[in-house]
Chemist: 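Take this structure, written in structure tokens, and hold onto it; I'll ask about it next.
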Amino acid sequence: MINYEVSERILTVTILGEIDHHTAIGLRTEIDGLVRKYSPLCLILDFSRVDFCDSSGIALVLGRYRLMKSLGGEVELIRLPENVSHIFDMADLKRLVKIG
Amino acid sequence: MKEINQMTLVFEGRSVNESFARVTAAAFLAQLDPTLQEIAEIKTVVSEAVTNCIVHGYEDKPGAVRMKVQIFEGGRIRITVSDKGKGIPDIPQAMTPCFTTGNEDRAGMGFSIMQGFSDKIRVRSFPGRGTTVVMEKYIGGRKEKTDA
């Protein structure tokens with residue numbers, strides 16, 4: 001489940017609940033649908049309301065990074081809880097996306 | 001190591017059961033009064049191991065996943081997750097960071113995370129007969145900090 005807002009070609013998506021292999025498929029479909037609908041220059045993913053995240057979250061970010069790159073845009077991650085940033089550090093995601 | 005408590009759970013390898021398995025393991029281990037970080041680590045390693053059974057062991061076909069959680073004296077725990085799926089032909093390759101035989105929804109980071117969040121990990125696999133992952137971890141719990 002997600003909430004989102006669009007302003008001046010910035011799409012901010014707040015992910016709600018848990019990110020695992022089971023939920024990631026639905027999250028991917030929802031986020032990619034919004035990206036195609038609004039063609040943002042920047043996709044901001046807000047993790048403040050994520051209460052669980054495993055390696056499926058890494059794949060979710062990498063996939064959205066590839067999609068936004070192919071469209072000439074970028075991805076930024078904001079408000080990462082400690083457990084999420086710990087997992088993302090293991091994959092060194094900050095090499096590819098801005099983490100605010 | 002002397003075992004003081006244990007539980008075993010057998011469930012169908014459906015992705016909806018990934019959260020059931022990790023929450024069950026965390027609930028059972030609550031008796032050790034783990035910190036929030038320890039709970040997050042336990043839930044994450046269980047989630048990775050169970051997802052591997054479903055995605056790789058059974059390739060999204062039906063099959064049973066077995067999870068055993070043991071508590072030993074001194075706050076040591078052991079989590080064993082096994083399937084009777086297709087097995088891993090090359091374990092070192094499967095454990096290499098970013099290696100995956102899965103689709104673009106998989107990052108290939110499952111084993112790296114299991115290694116990072118447990119003190120010891122052992123993988124046994126026989127092609128065509130299944131895979132067992134055994135992880136050991138020390139749970140210090142919150143008691144140590146409040147007693148200090």
Side-chain angles (χ1 to χ4, degrees), chain A residues 1-2 15-33 35-36 45 47-71 75 77 80-97 99, chain B residues 11-26 34-60 65 81 94-118:
Chain A
M1 271 212 322
I2 57 169
I15 301 171
L16 310 173
E18 303 191 310
I19 306 176
D20 65 6
H21 159 247
H22 181 68
T23 63
I25 298 160
L27 290 169
R28 179 192 66 186
T29 308
E30 281 189 277
I31 296 168
D32 290 3
V35 167
R36 295 208 164 85
L45 297 175
F47 287 84
S48 60
R49 295 182 63 187
V50 170
D51 37 49
F52 176 80
C53 179
D54 66 15
S55 66
S56 308
I58 297 171
L60 185 74
V61 171
L62 288 175
R64 275 35 309 132
Y65 163 75
R66 284 193 290 263
L67 173 65
M68 287 302 293
K69 201 176 167 201
S70 74
L71 299 170
V75 176
L77 315 180
L80 273 59
E82 201 179 330
N83 58 327
V84 177
S85 73
H86 198 167
I87 298 248
F88 287 0
D89 283 349
M90 285 184 174
D92 207 9
L93 282 187
K94 60 183 180 302
R95 276 184 310 125
L96 300 174
V97 299
I99 301 185
Chain B
F11 54 95
E12 185 68 20
R14 291 183 181 279
S15 65
V16 70
N17 287 334
E18 290 156 8
S19 64
F20 170 63
R22 63 179 178 255
V23 168
T24 302
T35 63
L36 287 176
Q37 189 183 332
E38 286 166 341
I39 294 170
E41 291 178 358
I42 290 160
K43 286 169 77 174
T44 308
V45 298
V46 169
S47 199
E48 300 294 351
V50 170
T51 299
N52 276 352
C53 299
I54 295 169
V55 175
H56 301 292
Y58 294 123
E59 296 178 307
D60 295 311
V65 178
V81 177
M95 294 181 79
T96 305
C98 302
F99 175 84
T100 181
T101 55
N103 61 16
E104 66 144 324
D105 289 322
R106 311 305 318 149
M109 288 298 290
F111 273 123
S112 302
I113 289 174
M114 286 187 260
Q115 281 175 312
F117 285 171
S118 51

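Lettering follows sequence order; numbering is per chain, from 1. Since we're looking at a predicted model, the values are computed, not measured.
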Chemist: Among I58(A), D54(A), L60(A), find the residue that satisfies the side chain to side chain contact (heavy atoms under 4.5 Å, CB included) test when tested with S56(A).
Modeler: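 With S56(A) as partner, I58(A), D54(A), L60(A) yield a single side chain to side chain contact (heavy atoms under 4.5 Å, CB included), made by D54(A).
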Chemist: Could you check if a side-chain atom of F117(B) sits within less than 4.5 angstrom of a side-chain atom of I87(A), using non-hydrogen atoms only?
Modeler: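 Yes, their side chains come closer than 4.5 Å.
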Chemist: If the condition is side-chain hydrogen bond (donor to acceptor under 3.5 Å, both in side chains), which residues does T44(B) pass it with, not counting sequence neighbours?
Modeler: none
Chemist: Please look at V55(B) and chain A and tell me whether the side chain, the backbone, both or neither of the residue comes under 4.5 angstrom of a heavy atom of that chain.
Modeler: side chain
Chemist: Using non-hydrogen atoms and a 4.5 Å limit, figure out which bit of S19(B) sits close to chain A: side chain, backbone, both or neither.
Modeler: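 Looking at S19(B), backbone and side chain both touch chain A.
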Chemist: Please flag which part of R14(B) lies under 4.5 Å from any non-hydrogen atom of chain A: side chain, backbone, both or neither.
Modeler: neither
Chemist: Does T24(B) reach the side chain of F11(B), with side-chain heavy atoms less than 4.5 Å apart?
Modeler: no
Chemist: Applying a criterion of heavy atom separation less than 4.5 Å, what residues of residues 24-33 of chain A form contacts with chain B?
Modeler: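 Near chain B, by residue number: I25(A), R28(A).
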Chemist: Holding to side-chain hydrogen bond (donor to acceptor under 3.5 Å, both in side chains), I want the full list of residues that pass it with D92(A), two or more places apart in sequence or in another chain.
Modeler: K94(A), R95(A)
Chemist: Measuring only between side-chain heavy atoms, which start at C-beta, is E18(B) closer than 4.5 Å to F52(A)?
Modeler: no
Chemist: Suppose we screen for side-chain hydrogen bond (donor to acceptor under 3.5 Å, both in side chains). Which residues come up paired with T101(B), at least two apart in sequence or across chains?
Modeler: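 Partners of T101(B) by the side-chain hydrogen bond (donor to acceptor under 3.5 Å, both in side chains) criterion, ordered by chain and then number, come out as H56(B).
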Chemist: Given a strict heavy-atom distance threshold of 4.5 Å, which part of I54(B) is in contact with chain A: side chain, backbone, both, or neither?
Modeler: side chain
Chemist: Contact between I99(A) and S85(A) at the side-chain level, heavy atoms closer than 4.5 Å - yes or no?
Modeler: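 Of all side-chain heavy-atom pairs linking S85(A) with I99(A), none is under 4.5 Å.
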